[in-house]
S.K.: 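Structure in structure tokens, see below.
Letters A, B, ... are given to chains in the order of the sequence lines, protein chains preceding strands, and every chain is numbered from 1.
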Amino acid sequence: MTAYILRRLLQTAVVILLLSYFCYLLMTLMPGDPVDEMIMANPEITSADIDRLRALHGLDQPVWVRYWNWASSIASGDLGYSRTYRVPVTDILGPRLLNTFVLAGAALLVAVIVAIPLGVWAALRKNSTADYVINLFAFAGISVPSFWIAIVLILVFAVYIPIFPAGGTGSIAFDMTPWESFVDRLKYLVLPVLSLSFLSIGTYVRYTRAAMLESMGNDYIRTARAKGLGWPRIYLMHGFRNALIPLITVTALSFSTLFSGAIITETVFAYQGVGQLVFESIQSNDFNVAMVAFMISVSMVLLMNLIADLLYGVADPRISYA
Amino acid sequence: MSESAAVPKVHQQAQYEAQSMASILLEQFLEHRMAVIGFSVIAIFLAIALLAPVISAVSGLDPDRQNVFNRYQPPGSHLDLSTHERELRVQTFLRQSDRSELVRFLADRELLEFAVDDEDLLYELVTQHASIHLAGMLLELQSEAPDSARSDLHALRNLVAEFRSFHLLGTDELGRDVLIRLVYGTRVSVTVGLLVAFVSGLIGLLVGSLAGYYGGRTDAILMRFTDALLSLPILVVLIVVSAIDLGKVFGGTPLAFIVESRHESVIKMILILCLFSWMQAARLVRGSILSIKEQEFVLAARVLGAKDRTIIGAHIIPNVIAPLLVAVTLGIGNAILFEAALSFLGLGIQPPTPSWGNMLNNAQEMVQHAPTLAILPGLLILFTVISFNYIGDGLRDAIDPKSIRR
Amino acid sequence: MSTRALIALALLALIAGVLAYVRPQLMRPGELPTNAELKIGITQEFENLNPIVMSMVATTYIYRMVGRSLIQLDEDSQWLPQLATQIPTLENGLARRVSDGEREWIEAEWTIHPQARWGDGEPLTCRDFRFSWEVGLSPNVGVPNIEIYRQIRDIHIDPDDPKHCTFEYREALWNFNRHHLLYPLPEHLERPVFELHAEQPEGYEQNSNYTRDPTNPGLYSGPYRIVNLGLGSHIILERNPHFFGEEAHIERIVIMLIPNTGTLEANLRAGSIDMVSQLGMSFDQSLAFANRVQAQELPFRVNFQPGLTYEHLDLNLDNPFLADIRTRRALVYAIDRQGLVDALFGGLQPAAFHNLAPTDPWYTEDPARIVIYRHSRRKANRLLDEAGWVWRDDGYRYNADGERLRLRLMTTAGNKVRELVQIYLQDQWRGIGVDVRIHNDPARVFFGQTMRRREYGGIAMYAWSSSPENNPRSMVSSESIPGENNGWSGQNYPGWSNARVDELVDELDRSFDEKERLDLVHEILWHYTSEVPVIPLYYRSETSVTPINLTGYRIPGHQISAANHVERWRLMDAEELTRYRSDAQ
């Protein structure tokens, strides 16, 4: 088991390393550089200024040299300096990461809480009206453009019926008790979480339903039924437990989807998260920030894959790691 | 929703043996009601996409025609064309043939309150009067007109009658008709969706069958590559990639014409989406090949000395096609969603070409002033994607041997 | 239709009814903000507020609330001292032309306001200016525009009075004293950081107190100081008790970054922000919002102020079609600029005749001094006929070689207003048989590559924003045509070369006589409008939304932000507002 985990971790590290170079290369393929950003803001900059600034920022060196410098400073624990904000990357990334984890975590939680009962219900009442409605809802969830649902939510719940703030991360005020500021944060979270969890709900409902149907068809369920076990026991202990495996996979894998989704959600809701930061930093060529955020997200996905594999073992004792 | 459709049709069971595979599949598919509805919706959308120029010609609406003094008009507005457009049409009218008789006739009628050169008369006439008013005036003059000018006058009246347009869904930020832009947007979005899904299905088939059939090192390399791509946060990569300038990539190559064409951003969108959406298909194909490869009929073929090409072509691909078809159908929906997302962020299809995504981009900040502009394109995306997803679901049920024994 | 469906319908109706009842109560009553706090929304990102390295527009906006420059440009485009007590000129004797026989330069005496202090009470002196000049010239500091510092050869501080010093300039230029971008740095806080990190590239800016300790009051000299800085999120400002000028009325200002314009507006209506700065709504949105404010009597004022930002089209004179002056003139005649600004901007952004804005003291629209092109499609068509462009049935014009009159129109992708104008122009030019193809690049490619290397094949749309009374050398002189020989410097992107204009820009720098300068500028304008290397479009207007009870607020028509006089802003209470309104009627 330990050997297996170690081997997988090593593989993951190699993949991360390769991907980081690939990403760095992609970023340099984008035209323009941070200095061009300054030119736009200030037409009085002269060509000599531009060359001076390029040299100062090391932008006149070949890609691999710049990558090497970047990678070695990362390895030494220095995440670099944000060109856009003119502060160390950690200063800007830390709070953003926290915000995104709160958002994505809440969305995941909501999705699981809503989707699993719905999926189980749909499976147990297969081909009933409830099944059709739940299915339609799930299909709508996976088919709706997330930015559009965000706009509609703003239109309905912030403009027509103004019960939630239209966007932002929280009110900016000094005189709030911890409880008040907690409630305030929650209020700001409702709409983004709703819009972000919509997609996941659709996916999870479909997988839960399919997995439930699959496991309900197994012989041991029939056996259990024949033994005269009560239905909650059959469905929850036997049926659902087996349905869990594909569900765990999907949940773990959907982390990448949540992260991508967060870019759009955070942009529309002006939520101060990593997704928005990534978008902004790519747009403004803020290499250090974009790369670090990028690497975090890639590592997260790869780690989640690993965790999903490991969790199989917990949920299904037949799988072992030799 | 009634429950009658869900009752299995037992009497059909007996017919299965006599049916061909295709008709079984068709029947299975038709039993999936939502899939059938989805299919009809898509058929309608495809028809709209194909017939867009016809719709444009019949309705007299043009997706690019502006009316800047009538921006953000609500649904159901009757509007006069912009003065610029009216003048342009008069210009064409004058260039078509010699209209001097008509102009002389009209000049004598003193229809304007101020004097103008004959040369400018028609221009002034169409811009000074509202078109309904003008058409009425011209009708009254019909009887007085000399023979030499009568047919021209009639032609002018027809021209003026077309100066008024009806906008069922209102107008956008340049006074363009929203309905016809949605129609053309269907064209762009559906084309992108279909092409991307098809091409990435092909790439997936190629990569997946190479990996699955040859196994070993080929498999390891191809699949590690696929997995690595899959682990990338796709939207982030697309944002980066869409910033790359095609002009630099294709400059000087035979493909340079793409950059020059009016549809550069559409082609670019398709290329980019294809590059990053074949991975699921590849894994799927590899998976099914691995299971098929070990089956007896393939072994038999190999023992009989069949070439790799024959085995892949004659035995493996036909068995892989069905699941691939499902994946491709579902892929269409995803491609449409990605196109919309990128266009929404301003990185996809560039104006003036309408796509549902970029229409939403424009509408977003005006959502409080003109909500229909933001709601409609999103609804169309939703309907299209949900339809493709239901079709995919229906196909999956149809080819799934377990579901035949429902 | 079953009973279930009926119940569902009834439920829906009930919900709708409840919402219809609840909604008006949820809408906030128009509570007016008070002097206790003003919350301002912006959409553009800002960086940390080190005045010497800041380069983002939003940062320069905010900086004016916490920091002051040596001199300023007020709302009426008058030059006034800010940290200085007086602006030295040749006339008032504080500046003099000095010559050593070979070169000529200027020396000027500056005196810093006696009460000027940093936020920690430390006096602000010439030493702080000398220090910022020193930092600005350091090769390891990423100063955006080094010319601000390079024009000064040395700063001599009076040994008896650190508030008094003499600037020795490198050259004798008439506009030597325009130091509105020269900011002091607090030497007592920043000197140690600078000395420690001077040798390391970017060492100073990464370790500066502005980066590491941005709420240190000693860093700021303006009416406010920063008490909380959340990059990418918000800034909280409070009154600076050590400010040397009049005390600000508003106790606390919160600036919130809401990068999405739609969300920004929703926040404004919900009351979570009170005001939208110039860096907020798009023009289109402001226009729609202004209508809404009027229709629903919302407690806001939407401000429009034409500025110095000059939107125009550069015509690439290397393009064989555009090399012909008749084609260029036809293109100008064909576009209805007044129609454009009326239709798209409600007439609130003025149409342009040339590169100088109406707020510039050098501005003229005298038909005797410049060439004015009134919209006339007939003239445009005649010019194209003369140039040998013949109509064909497809509605476009072709030359003798059978080439279609096709031009590429480029601008920055994602700028909605420009994209609208672009499509409008495309349509107008179609009317004279010109086939215009739109091709847009992301802003950084457009400016960093396409324009700088003159790779735009036909027409490019973008804007300049320059100080009033600015020598147009970099845009019109033939030396400023970017190319291999000058290291791609200069912004004469059309490639316009006119020997007389080259002379004129040189004379302009050397002329110390106001009247003479005006004549020189107008002659340049005459050539500029006559030869049409550039098609002027319009001057961009700044827009902002302020609470109806805010007084003392004005958007200046130039690049120094409205926040320059933030200490005058005041929020009236309801009673005063009523009085004020009845006075106004």
S.K.: Given side chains that start at C-beta, do those of C:Glu205 and A:Tyr81 come closer than 4.5 Å, heavy atoms only?
M.R.: yes

S.K.: Return the minimal non-hydrogen interatomic distance between A:Gln276 and C:Pro259, and the atom names on each side.
M.R.: NE2-CG, 2.6 Å

S.K.: How close do A:Val268 and C:Thr263 get, heavy atom to heavy atom, and via which atoms?
M.R.: O-OG1, 2.7 Å

S.K.: Give a yes or no on whether C:Glu199 atom CD has more than 12 heavy-atom contacts from other residues, nucleotides or ligands under 6.0 Å away.
M.R.: no

S.K.: Looking at side-chain heavy atoms only, is the closest gap between A:Ser82 and C:Leu231 below 4.5 Å?
M.R.: no

S.K.: If I compare all heavy atoms of A:Tyr188 with all of C:Ser272, which pair ends up nearest, and what's the gap?
M.R.: OH-CB, 4.3 Å

S.K.: Heavy-atom pairs under 4.5 Å with chain A are the metric here; pick the option from C:Thr60, C:Leu264, C:Val141 that has the most.
M.R.: C:Val141

S.K.: Side-chain contact, heavy-atom cut-off 4.5 Å: A:Pro88 with C:Gln206?
M.R.: no

S.K.: In terms of heavy-atom contacts, does CD of C:Gln44 have more than 12 from other residues, nucleotides or ligands at under 6.0 Å?
M.R.: yes

S.K.: Mind checking whether A:Arg86 and C:Asn50 have side chains closer than 4.5 Å, heavy atoms only?
M.R.: no

S.K.: What part of C:Pro214 is in contact with chain A, defined as an atom under 4.5 angstrom from a non-hydrogen atom: side chain, backbone, both or neither?
M.R.: neither

S.K.: About how many Å separate CZ of C:Arg212 and CG of A:Asp91, when rounded to the nearest 0.5 Å?
M.R.: 7.5 Å

S.K.: How long is the straight-line distance from OH of A:Tyr85 back to CG of C:Asn48, given to the nearest 0.5 Å?
M.R.: 12.0 Å

S.K.: Heavy-atom cut-off 4.5 Å, strictly under: side chain, backbone, both or neither for C:Tyr210 against chain A?
M.R.: neither

S.K.: Identify which of C:Ser233, C:Pro201, C:Pro139, C:Gly262 forms the greatest number of heavy-atom pairs closer than 4.5 Å to chain A.
M.R.: C:Ser233

S.K.: Flag the pair C:Glu45 / A:Ser281 as yes when at least one side-chain heavy-atom distance between them is below 4.5 Å, and no otherwise.
M.R.: no

